[in-house]
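Heads up, the thing below is written out as structure tokens.
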Amino acid sequence: MHFLGAVIAEKQDDIYGILAEWSEYADVDEYVKETRSEIIANGRADDQAYLEDHGNDIDPMHEKFKKAAAGRLALDDEAALKAYAEYRRLNLNEDGDAVSTFNEDSFYDYYEIGEWEGVDALQGITCRELADRYNREDALARTAIGSLCVICKEGWYDGGLWNDTTTAAVLNELERNTGRKVWWLNFHD
């Protein structure tokens, strides 16, 4: 999935450092994503809900999943933990907690500088100039800002793939960073 983003920076080479902390590949220390008791409780709740939602379905696919869900519900805690961890492909630590090194603060898989039809003409424009063009109702500036999903600068971002930034947030950042430049990116997730 692609989404339009902009980075506010002095120069284009600054993009890499600014975006590094929000990459899916950023190094993060291992952390507990879900405790042992949460894995069991959530797994059982999901299985119970599945059986309630599909208890009367006679589709062969549902029969297979209903049988698996009922089987997991019949297990004791130790066996259930193992079954839910395997079913969900969880990595467990010695305490039975699910651990991860996935960057929970990430919002992109990778990006390309430019590569978004229509905004290349705005590449490297100052924040002040972009805001002025928007306020003068310049069609390109209005379309680009209106299509923007995420805006970033050092240590901060707003928006993302499923929670687009607002025009008000973009204009606010343009006004706060008038001398810096806007670099347009095609984000992928």
Practice task
Indicate yes or no for a side-chain donor-acceptor contact from D97 to the backbone of V32 under 3.5 Å, with no hydrogens or angles considered.
Solution key: no

Exercise for the section: Using a 4.5 Å cut-off on heavy atoms from C-beta on, say whether the side chain of D105 contacts that of E21. Expected result: no

Practice task
Measure the CG-CG distance between N163 and D158 for me, rounded to the nearest 0.5 Å.
Solution key: 7.5 Å

Exercise for the section: Supply the atom-to-atom distance R133 CZ to L174 CG, rounded to the nearest 0.5 angstrom. Expected result: 12.5 Å

Handout entry: From OG (S100) to OH (Y31), nearest 0.5 Å
Key = 3.5 Å

Problem - Hydrophobic cluster membership, Y157 vs Y16, 4.5 Å side-chain cutoff - result: yes

Practice task
Kindly compute the distance separating CG (L4) from OG1 (T143), expressed to the nearest 0.5 Å.
Solution key: 11.0 Å

Problem - Test: E173 and K153 ion pair at under 4.0 Å - result: yes

Handout entry: Output field: ring centroids F107/F187 closer than 6.0 Å
Key = yes

Completion exercise
The salt bridge (Lys or Arg N to Asp or Glu O under 4.0 Å) partners of D47 (sequence neighbours excluded) come to R72

Problem - Transitive ILVMFWY side-chain link I39 to Y50, under 4.5 Å - result: no

Practice task
State plainly whether one hydrophobic cluster holds both L130 and V119, where clusters connect Ile, Leu, Val, Met, Phe, Trp and Tyr through side-chain heavy atoms under 4.5 angstrom apart.
Solution key: yes

Exercise for the section: Measure the spacing between CG of N177 and SG of C127 and express it to the nearest 0.5 Å. Expected result: 5.0 Å

Practice task
Could you grab the distance from atom CG of L90 to atom NZ of K33, nearest 0.5 Å is fine?
Solution key: 8.0 Å

Handout entry: Enclosure of D27 CG (heavy-atom neighbours >12, cutoff 6.0 Å)
Key = no

Handout entry: Residues R136 and E129 bridged, charged N to O under 4.0 Å
Key = no

Exercise for the section: Determine whether L185 and V170 fall in the same hydrophobic cluster, where Ile, Leu, Val, Met, Phe, Trp and Tyr are linked whenever their side-chain heavy atoms lie under 4.5 Å apart. Expected result: no

Handout entry: Same cluster (ILVMFWY, side-chain, under 4.5 Å), I18 and V150
Key = yes

Practice task
State whether a side-chain donor-acceptor pair under 3.5 Å links H188 with D109.
Solution key: no

Practice task
Give a yes or no answer on whether the side chain of N135 reaches the backbone of A131 with a donor-acceptor pair at less than 3.5 Å.
Solution key: yes

Practice task
Tell me, yes or no, whether the heavy-atom count around D95 atom CG, taken from other residues, nucleotides or ligands under 6.0 Å, exceeds 12.
Solution key: yes

Exercise for the section: Using a 4.5 Å cut-off on heavy atoms from C-beta on, say whether the side chain of Y134 contacts that of T167. Expected result: yes

Exercise for the section: Before accepting this row, confirm whether a basic side-chain N of the pair D77/R44 lies closer than 4.0 Å to the acidic partner's carboxylate O. Expected result: yes

Problem - Sidechain-backbone polar pair: E63 side chain, P60 backbone, donor-acceptor under 3.5 Å - result: no

Problem - Within-4.5 Å side-chain heavy-atom neighbours: N186 and I113 - result: no

Problem - Heavy-atom side-chain contact between W184 and D120 under 4.5 Å - result: no

Exercise for the section: Flag yes if more than 12 heavy atoms outside E117 fall under 6.0 Å of its CD atom; otherwise flag no. Expected result: no

Handout entry: Backbone N/O of E175 and side chain of T178: donor-acceptor pair under 3.5 Å
Key = no

Exercise for the section: Output every pair passing ring pair (Phe, Tyr, Trp, His ring centres under 6.0 Å) with a member in residues 64-104, not counting sequence neighbours, ordered by first then second residue. Expected result: none

Practice task
Indicate the ring-plane relationship of Y108 and Y111, choosing parallel, tilted or perpendicular according to the 30° and 60° boundaries.
Solution key: perpendicular

Exercise for the section: Report yes if the side chains of I8 and R176 come closer than 4.5 Å at any heavy-atom pair, otherwise no. Expected result: no

Practice task
Step through the shown structure and confirm whether more than 12 heavy atoms of other residues, nucleotides or ligands are within 6.0 Å of CZ on R142.
Solution key: yes

Handout entry: Polar side chain donor-acceptor pair, H54 to D57, under 3.5 angstrom
Key = yes

